[in-house]
2 protein chains.
Amino acid sequence: MSASLNISPEHRRLIAKLESIGTLTAGEHDALTALPLRVRQIAEDTDIVREGDAPSDCCLLVEGFLCRYKMLPDGGRQILAIHTAGDIPDLQSLQLKVMDHSLGTLTPCKVAFIGHAALQEITRNYPGVAALFWRDTLIDAAIFREWLTGVGRRTAHQRIAHLFCEIHIRLKAVGLANGDGFDLPITQAELADSLGLSTVHVNRVLQDLRRGGLIQSRGKYLAVMDWRALEEVAGFDPRYLHVR
Amino acid sequence: MSASLNISPEHRRLIAKLESIGTLTAGEHDALTALPLRVRQIAEDTDIVREGDAPSDCCLLVEGFLCRYKMLPDGGRQILAIHTAGDIPDLQSLQLKVMDHSLGTLTPCKVAFIGHAALQEITRNYPGVAALFWRDTLIDAAIFREWLTGVGRRTAHQRIAHLFCEIHIRLKAVGLANGDGFDLPITQAELADSLGLSTVHVNRVLQDLRRGGLIQSRGKYLAVMDWRALEEVAGFDPRYLHVR
DNA sequence: ATCGCATCTTAACCTATGTTTGCAAGCGAA
DNA sequence: TTCGCTTGCAAACATAGGTTAAGATGCGAT
């Protein structure tokens, strides 16, 4: 306990994240605390790894918003995931050496890099941590599935409402959102690229939701005025997030 | 080598699959061969596990086609993945106890059930196998990402062509397709539910592709007349499948 | 304080795809 | 052989959402 006072904020983030999806023994906790991290500040709209790269580190997002995306030959972009503090968006690179998509910042970000070697070693020595890492990537996949069904079968209104509900739950799980809203510092164009819509249509729907009294955006802050209604139009069921 | 003559076809499938994405040591090979399997024949259009279930086995697909899907409140269905022989579609249930989607047959299937306990044990004793399982679920996720970008940003023509290319590569990886086509015993409605389209539109596009001389469907067999052109309209790049 | 750029907003118009419906072809069961 | 059911096909029509383009608004940099 007294030791925990010396844990860096970066390690704290990592541990809070892992504890949001499972439990850690004291030994695992200590081993994670001892992980060597290289912390860096990265400007907004900057790529961290690109499709085709074979990175030698994983990155832990400490502050800000990241996204993973694919570019299409015609210039179109599909955002595959939006990542919030605590996430390790390229944990998969531990097993899949060459990236099949890119990872970039949506906002200025504080990121901590962790060498593959150090991660491999911790998984070797602590199978419980390995299992949690696996579990994390499986939840990742569960979110892809939910996005896929959204883009495949939900209307624009439902998709947007659903994304808002999802991000809210995920931020709450790591203690970054309260009851009435959350910071969502991303543009309508980025929303559009996430949901398979055009920016114009995102704008239309957003205004609809505001007129309907469901939400209210004050700058980068998304204030939700009527959670019940928002979840209702989204058809939101948080089970796929597998939070404890 | 003489031992390999006694390996059951089910175990052979499993091993062929794992070897298509990584390598096995002799010890791992033997341990997998000793895995207790409960083989069952399952009729077409039958659910194996449903959203909300907490299964105690994983299932190895030995013959036939399975799919994973989600139902929406309005009755819509999104197919999340199409599985072919060798796949273990619910390997994730080892870590995520309650299913966030369902798993059902598209055709009559031969399936081998493997108890979670046996799988846990093998991952405990053979970290290399654990890593391969992890890798398998990561490739699964890579395919979700590709589908997501398809549904989000590709036209109907591109989506259909892309799916055909993907299934072909996957079947080839486990030795179930030759050069000129493959068995694809699924209906246009199922194609539609996979691609976020209506069945009518799938029909239109399929005829287009036939008229264009790209494909030709004889019953359940999909004959590809012009691979180059098909990959061209799909914008297909197989890297995301991470086959060796 | 002002310029410049990104973002948001609006409007007019367009099209890919959805919906509904009906019919024909194939096929297994009785 | 016929019945019943699934699947494929077709045509007419409807619409959600895309596209283009042009202002308006906000805000960081100088």
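Residue numbers start from 1 in every chain, and the chains themselves are labelled A, B, ... in the order their sequence lines are given, proteins ahead of strands. All values below come from the heavy atoms of this structure, side chains included, with hydrogens, waters and symmetry mates left out.
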Worksheet item: Hey, mind stepping through His168(B) and Trp227(B) against ring-ring contact (aromatic ring centres under 6.0 Å, His included) and telling me if it holds?
Response: CA-CA 10 Å; His168(B) 181 244; Trp227(B) 280 111; 4.0 Å; yes

Item to complete: Could you please spell out the steps behind the salt bridge (charged side-chain N to carboxylate O under 4.0 Å, His left out) verdict for Glu63(A) and Arg13(A)?
Response: CA-CA 9 Å; Glu63(A) 271 175 39; Arg13(A) 275 259 93 87; over 6 Å; no

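Atom CG of Asn203(B) and atom P of dC23(C) are 17 Å apart (whole Å). In this structure, Arg153(B) places its CZ atom 11 Å from C1' of dG17(D), rounding to the nearest Å. Look at CG on Asp208(B): it is 12 Å from P on dA10(D), rounded to the nearest Å. If you take CD of Gln188(B) and C1' of dA25(C), they are 13 Å apart, rounded to a whole angstrom. Between the P atom of dA16(C) and the CD atom of Gln158(B) lies a distance of 12 Å, rounded to the nearest Å. Spacing between atom CG of Asp45(B) and atom C1' of dC5(D) amounts to 13 Å, rounded to whole angstrom units. Between the CG atom of Leu191(B) and the P atom of dT6(D) there is a distance of 19 Å, given to the nearest Å. Rounded to whole Å, the distance from NE2 on His201(A) to P on dT15(D) is 14 Å.
The 5' end of DNA chain C is approached more closely, in terms of each residue's nearest nucleotide, by Val205(B) than by the other of Val200(B) and Val205(B). Between Gly196(A) and Arg204(B), the one whose closest nucleotide on DNA chain D sits nearer the 5' end is Arg204(B).
Within the 4.0 Å cut-off from OP1 or OP2 of dC9(D), at least one side-chain nitrogen or oxygen of Arg210(B) is found. Here Arg211(A) does not reach the OP1 or OP2 of dT9(C): none of its side-chain N or O atoms lies under 4.0 Å away. Here Gln207(B) reaches the OP1 or OP2 of dA10(D): one of its side-chain N or O atoms lies under 4.0 Å away.
Counting all heavy atoms, side chain and backbone alike, Arg159(B) lies closest to Leu195(B) at NH1-O, 2.7 Å.
Distance from the side chain of Arg159(B) is smallest to dT17(C) among dT19(C), dT17(C), dT10(C). Nearest nucleotide to the Thr187(A) side chain, out of dC8(C), dG8(D), dT20(D): dC8(C). Here the nucleotide nearest the side chain of Ser198(A), chosen from dG17(D), dC8(C), dT19(D), is dT19(D). With dC9(D), dG17(D), dG18(C) as the candidates, the nucleotide lying closest to the side chain of Leu197(A) is dG17(D).
In this structure, Thr199(B) reaches neither bases nor backbone, as no heavy-atom distance under 4.0 Å exists between it and the strands shown.
Taking the six-membered ring wherever Trp is involved, the centroid distance between the rings of Tyr240(A) and His162(A) falls below 6.0 Å.
Without hydrogens or angle criteria, Arg153(A) side chain to Arg77(B) main chain gives a donor-acceptor distance under 3.5 Å.
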